[in-house]
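Right, one structure below, let's go through it.
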Amino acid sequence: MTSPELIKDQIESLRRELERHNHSYYVLNAPTISDREFDEMMATLSRLEAEHPEFDDPLSPTHRVGSDLTKGFEQVPHIYPMLSLANTYSIEEVDDYVRRCRDGLMGEEITFVGEMKFDGTSISLIYEGGRLVRAVTRGDGEKGDVVTENVKTIPGIPLRLHGTGWPDRFEIRGEIVMPWKSFDRLNAEREEQGEPLFANPRNAASGTLKMQNPAEVSRRGLDAYFYYLLGENLPADTHYDNMLEARKWGFKVSDVMTRLHTLDEVNDFINHWDHARSELPVATDGLVFKIDSLRQQLNLGFTSKTPRWAIAYKFQAERALTKLEFVSFEVGRSGIITPVANLDPVLLSGTIVKRASLHNEDIIRQLDIHEHDMVYVEKGGEIIPKITGVDTAARQADSQPVKFVSVCPACNTPLVRVEGEAAWVCPNKYGCPPQITGRVEHFVGRRMMDIDGIGEEICEVLFATGLVRDIADIYTLTREKLMTLERFGERSADRIMEGIARSLTVPFERVLYALSIPYVGETVAKKLARATGSLDRLMEMTEEQLTAIDDIGPAIARSIREYFDSPVNRDIIARLREAGVQMEVSATRAAETTNRLNGASIVISGTFVHHSRDQYKELIELNGGKSVGSISKKTDYVLAGANMGPAKLEKASKLGIPIIDEDQFLAMIGDSAE
């Protein structure tokens, strides 16, 4: 009789062998055994695990196919925000980016890393002790959906790491993709079954990753490429070397990744892959350039939305000629009327394009677009379709110019031209259905109140049935009311009610963004929340007081004042307050805010050790100071790091402005380097 120890050793040996063969097949693309031999080994392992369930392991290769139905997706915050990249569309713009990086690092030598930008869906994987413990989608950049069970089914992703030298805990980021081969097979199956086809591999990958059945995810043939390592105790001080180590641990890191030292090398990289990308087995939409040194990345820091040390280059858009069927006019939540070209469907950059924005009346006139014209369509950044020209030679003799509407297509209200702009607006803010539903849809969005379960269609249903006529009505919804709606089940109703309850804890700055105050986007909302502390204070402020806030200009101040002067909006806010929505900065956030800097204007220059530039900017603002970009007589301090620019040093000395280092600054705000 075989001892349990021998059985366990046999199972572990088979798992290691199968993991090695999986890696050779899916990552290295160099199989070392036949498919039949692999299947026989897998069958042996499955039999042994079934006979000895006490030795089961959720990371066993036999679990790759998935089995259990996933009951929704838990959301968790990212350890590090998953920001998007700034885009460029020409070699000249990339060259400008390289020069900006060199200027920002005070002339230090810089090595860049060029990579392929795969067209899929972003993923963050967490490993502990060499084992995959969590997989999270990008989500809104701050938090994402946990899709670990689905990710486990992707053969190219290591469940247990190979080799040695990996940190005990780290995060690796990459792109889940659907190879062209899998995409074509999936669409052929869907066509045969009469199901709608996926427009492109990106949509197919994203939709597959969020499926409830891991077994179906496994069947669809996803793959993954990895491009960034984060965490403490990383093996190297450079991005490139870290990714080479990650490749040794079992991750698929693209062979495209290349170190680049000069502008000529960067340009050659672009020119080569602009053509060679068509030979790759997966869809791509551009290239990515990153600074190699992690120290230099830290010193360059981030904007509110993107890292300064990386940029995406988008390949030139494809162009197609197709017929204009008709122009429709659509109303946004701010009342702006947008003309949309409805087209004879055409394939462009892997996507079937049926519609393209014409933006405004001036664009229609510039294009001289007529009814049923043959038009040229491009995809800006290979994402947003746009009309770039008209084939006038193919125009029908009796074709009439497209005319912009004079009344709102939704509520028949005469339109008003925005002074100094090309936009026409429906002034019926509180009675025009698309404006109302648009504001509701914005309010419930992820970066705003994050009320799950209410999308565009549900917003329209809630409005049409009279259940929601403004954003405050959301808090009058009940489970019973939702259950009266057609095709609305208990699960859907519960999901919305849970989202509404959670929204009462959403911080004040996001509430402010959710209100749809014209010109008040996410960044402006944060500035206003930090400067005022509460909605009551903001509502009382004059235009002059508002413009005294950093980055709040006359147009924003006037818009805020007009919003709060409206009795309709004041009533909505009163009802939101009654429902329990956050109307002031939380005590925790307020506790972090001081006035130690007492309005001091501080210029940041050089490179730092303890914090990045962005972190110092936030510390200045949290402590009542202003971070300004250039030195003048009004500057109170220069926060100087290593390699401070000689011109700034000379100007600060000439004006007698105190120059302080990191430790002095941190002492001023009662902080420490630790």
Side-chain angles (χ1 to χ4, degrees), residues 1-28 31-76 123-137 145-164 166-172 176 182 208-224 249-252 491:
M1 186 174 181
T2 308
S3 71
E5 289 77 13
L6 288 175
I7 294 293
K8 184 178 181 182
D9 287 345
Q10 186 180 1
I11 288 174
E12 285 297 328
S13 176
L14 280 167
R15 285 171 180 166
R16 285 192 297 271
E17 274 292 291
L18 286 165
E19 286 167 355
R20 184 171 63 81
H21 291 307
N22 256 332
H23 180 253
S24 297
Y25 186 91
Y26 290 103
V27 179
L28 303 180
T32 55
I33 62 172
S34 69
D35 289 350
R36 180 171 180 175
E37 289 173 301
F38 182 90
D39 292 341
E40 288 173 351
M41 289 175 65
M42 184 69 80
T44 301
L45 177 60
S46 296
R47 177 179 56 78
L48 288 172
E49 288 181 340
E51 293 172 353
H52 300 275
E54 67 272 20
F55 299 135
D56 188 34
D57 185 331
L59 299 189
S60 171
T62 57
H63 292 302
R64 286 283 193 186
V65 297
S67 56
D68 299 326
L69 189 67
T70 303
K71 304 293 184 182
F73 296 101
E74 174 194 2
Q75 282 193 347
V76 298
I123 196 71
S124 164
L125 305 184
I126 306 295
Y127 284 79
E128 293 181 0
R131 294 166 63 92
L132 174 66
V133 296
R134 178 176 287 174
V136 186
T137 64
D145 293 322
V146 177
V147 291
T148 313
E149 295 307 311
N150 285 348
V151 164
K152 285 179 181 178
T153 70
I154 301 173
I157 294 179
L159 304 183
R160 295 189 290 188
L161 299 183
H162 302 263
T164 59
W166 21 265
D168 186 60
R169 190 177 197 276
F170 68 90
E171 175 180 355
I172 191 166
I176 303 293
S182 298
T208 299
L209 193 62
K210 297 298 288 292
M211 294 184 74
Q212 296 292 314
N213 188 344
E216 178 61 18
V217 176
S218 172
R219 194 190 67 79
R220 288 193 175 185
L222 294 177
D223 202 352
W249 304 336
F251 295 103
K252 181 178 281 190
R491 184 176 176 184

Quiz item: Who are the side-chain hydrogen bond (donor to acceptor under 3.5 Å, both in side chains) partners of T208, not counting sequence neighbours?
Solution: R220
Quiz prompt | Geometric class of the W249/F170 ring pair [parallel <30°, tilted 30-60°, perpendicular >60°] | solution = tilted
Self-check item: Y127 to L161 - nearest heavy-atom pair and separation
Solution: CE2-CD2, 3.7 Å
Practice problem: Not counting sequence neighbours, which residues clear side-chain hydrogen bond (donor to acceptor under 3.5 Å, both in side chains) with K8? List them please. | Solution: none
Quiz item: To the nearest 0.5 Å, what is the distance between NZ (K152) and CD1 (I157)?
Solution: 12.0 Å
Practice problem: For T148, check side-chain hydrogen bond (donor to acceptor under 3.5 Å, both in side chains) against everything at least two apart and list the hits. | Solution: none
Quiz item: Can you tell me how far the CG atom of L14 sits from the OG atom of S60, to the nearest 0.5 Å?
Solution: 9.5 Å
Practice problem: Working to the nearest 0.5 Å, report the span between CD1 of I154 and CG of L209. | Solution: 6.0 Å
Quiz item: What is the distance from atom CD of E5 to atom CZ of F55, rounded to the nearest 0.5 Å?
Solution: 7.0 Å
Quiz item: D223 and G156: which non-hydrogen atoms are nearest, and at how many Å?
Solution: OD1-CA, 4.3 Å
Practice problem: Take R134 and V76 through the side chain to side chain contact (heavy atoms under 4.5 Å, CB included) test and state the conclusion after the steps. | Solution: CA-CA 10 Å; R134 178 176 287 174; V76 298; 3.9 Å; yes
Quiz prompt | R131 bridged to E19 by N-O distance under 4.0 Å | solution = no
Practice problem: Measure the spacing between CG of D145 and NZ of K210 and express it to the nearest 0.5 Å. | Solution: 4.0 Å
Practice problem: To the nearest 0.5 Å, tell me how far R15 CZ sits from E49 CD. | Solution: 4.5 Å
Quiz item: N150 and L222: side chain to side chain contact (heavy atoms under 4.5 Å, CB included), yes or no, with the steps?
Solution: CA-CA 10 Å; N150 285 348; L222 294 177; over 6 Å; no
Exercise. State, to 0.1 Å, how close L132 and P158 come at their nearest heavy-atom pair, and which atoms those are.
Key: CB-O, 4.3 Å
Exercise. Could you check if a side-chain atom of V147 sits within less than 4.5 angstrom of a side-chain atom of I123, using non-hydrogen atoms only?
Key: yes
Quiz prompt | For S182 against G221, the heavy-atom pair lying closest together | solution = OG-O, 3.0 Å
